[in-house]
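Heads up: numbering here begins at 1 and tracks the sequence.
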Amino acid sequence: MAKGLDKHQARHSELTSFGKDLARRSKSHCELCSAHGVKLSIFEVPPIPKEPEFEHCVFICENCQEQIEKPKRINVNHWHCLHTSAWTEIEALQVLAVLMLNKIKNDADWAAELLDQLYLSNEVQEWVEAAEKDGL
């Protein structure tokens, strides 16, 4: 049990080391909904690599994180923010935006339309597919 705790703490420490760079990249705003003045957390976009990678991390607010992790609590109106964040050049953020659009597209016509408009590189499309298999 201590071995698992040690691994978790080591991973958490490595992720925390990305905090300053993520804050700089995001200008201390949620990278999904642009909320500012709120607590931001590092979120790893699945599939989670064995070793933490900066390229798999995004800085998001508690509201976005809760809705990602607890799909029954999704507020479709909150996700209008994806009209902006889905067009990012940051691949992890683009993947996360597409995953959320896929989750809400049956409840929001605008989400399906946005998905149709997006161009995804083969690499991003493969990442989306892998993340969906991973269960996000």
Side-chain angles (χ1 to χ4, degrees):
M1 180 145 142
K3 189 175 184 181
L5 179 62
D6 289 344
K7 282 185 178 182
H8 173 75
Q9 288 175 336
R11 183 174 197 87
H12 180 72
S13 178
E14 285 185 64
L15 287 171
T16 303
S17 71
F18 299 150
K20 285 184 182 179
D21 291 329
L22 287 168
R24 200 171 301 123
R25 180 179 82 186
S26 69
K27 298 178 175 72
S28 297
H29 287 68
C30 175
E31 291 188 282
L32 281 171
C33 73
S34 297
H36 63 284
V38 296
K39 181 182 177 194
L40 300 172
S41 300
I42 299 170
F43 182 83
E44 288 186 277
V45 179
I48 308 297
K50 187 172 183 173
E51 296 296 322
E53 295 178 15
F54 180 78
E55 294 77 22
H56 269 255
C57 296
V58 295
F59 224 19
I60 61 174
C61 67
E62 290 176 332
N63 188 12
C64 288
Q65 186 167 357
E66 180 179 10
Q67 292 186 54
I68 291 167
E69 293 174 349
K70 299 176 183 169
K72 291 182 180 180
R73 296 188 179 180
I74 289 178
N75 173 357
V76 174
N77 291 325
H78 173 77
W79 295 103
H80 279 283
C81 59
L82 296 177
H83 280 286
T84 303
S85 55
W87 295 100
T88 183
E89 293 181 13
I90 301 166
E91 288 184 353
L93 186 55
Q94 190 176 28
V95 168
L96 192 53
V98 169
L99 291 169
M100 288 309 300
L101 287 167
N102 281 332
K103 281 186 179 186
I104 64 173
K105 68 183 178 187
N106 294 331
D107 298 320
D109 292 338
W110 61 264
E113 291 170 13
L114 181 55
L115 277 168
D116 287 341
Q117 295 171 6
L118 289 175
Y119 167 77
L120 302 177
S121 68
N122 290 337
E123 184 176 287
V124 169
Q125 184 60 45
E126 288 171 7
W127 189 350
V128 168
E129 291 168 7
E132 287 175 332
K133 287 179 186 173
D134 227 34
L136 185 69

Partner set under side-chain contact (heavy atoms from CB on, under 4.5 Å) for E129, not counting sequence neighbours: Q125

ring-ring contact (aromatic ring centres under 6.0 Å, His included): pairs with one or both residues in residues 88-121, sequence neighbours excluded: H80-W110, H83-W110

Pairs satisfying salt bridge (charged side-chain N to carboxylate O under 4.0 Å, His left out), at least one member in residues 108-126, at least two apart: none

Could you go through residues 21-32 and list every donor-acceptor pair under 3.5 Å that involves a side-chain atom there, pairing it with any protein atom two or more places apart or in another chain?
from	atom 1	to	atom 2	distance (Å)
D21	OD1	R24	NH1	2.9
R25	NE	E31	OE2	2.8
R25	NH2	E31	OE1	2.9
R25	NH2	E31	OE2	3.2
R25	NH2	C57	O	2.9
S26	OG	L22	O	2.9
S26	OG	A23	O	3.4
S26	OG	S28	N	3.2
S26	OG	H29	O	3.4
H29	ND1	K27	O	2.6
E31	OE1	F59	N	2.7

L15 with I48, same ILVMFWY side-chain cluster at under 4.5 Å: no

Residues that E51 engages under side-chain contact (heavy atoms from CB on, under 4.5 Å), provided they are two or more places apart: E14

Nearest heavy atoms of P49 and E44, plus distance in Å: CD-OE2, 4.4 Å

V128 and N102: CA distance, side-chain angles, deciding distance, side-chain contact (heavy atoms from CB on, under 4.5 Å) verdict: CA-CA 10 Å; V128 168; N102 281 332; 4.3 Å; yes

Hphob cluster co-occupancy, F54 + L93, side-chain heavy atoms under 4.5 angstrom: no

More than 12 heavy atoms from other groups under 6.0 Å of CG on N75: yes

Sequence-distant partners of W127, ring pair (Phe, Tyr, Trp, His ring centres under 6.0 Å), two or more places apart: H56

Shortest non-hydrogen separation from D134 to P47 and the atoms involved: OD2-CA, 3.3 Å

Qualifying salt bridge (charged side-chain N to carboxylate O under 4.0 Å, His left out) pairs with a residue from residues 69-79, counting only residues at least two apart or across chains: E66-R73

Would you mind writing out the side-chain donor-acceptor pairs for residues 35-43 within the sub-3.5 Å range, not counting sequence neighbours?
none

Interatomic spacing from CG in L96 to OG1 in T88 - rounded to 0.5 Å: 11.0 Å

Sequence-distant partners of T16, side-chain contact (heavy atoms from CB on, under 4.5 Å), two or more places apart: H12

Counterpart residues, salt bridge (Lys or Arg N to Asp or Glu O under 4.0 Å), relative to E132 (two or more places apart): none

Residue pair I68 / I60, side-chain heavy-atom distance below 4.5 Å: yes

Heavy-atom side-chain contact between W79 and C33 under 4.5 Å: no

Results of side-chain contact (heavy atoms from CB on, under 4.5 Å) for A111 - residues two or more places apart only: L101, I104, K105, A108

Contact check, side chains of H78 and C64, non-hydrogen atoms, under 4.5 Å: yes

Pair listing, salt bridge (charged side-chain N to carboxylate O under 4.0 Å, His left out) test, anchored in residues 86-102, at least two apart: none

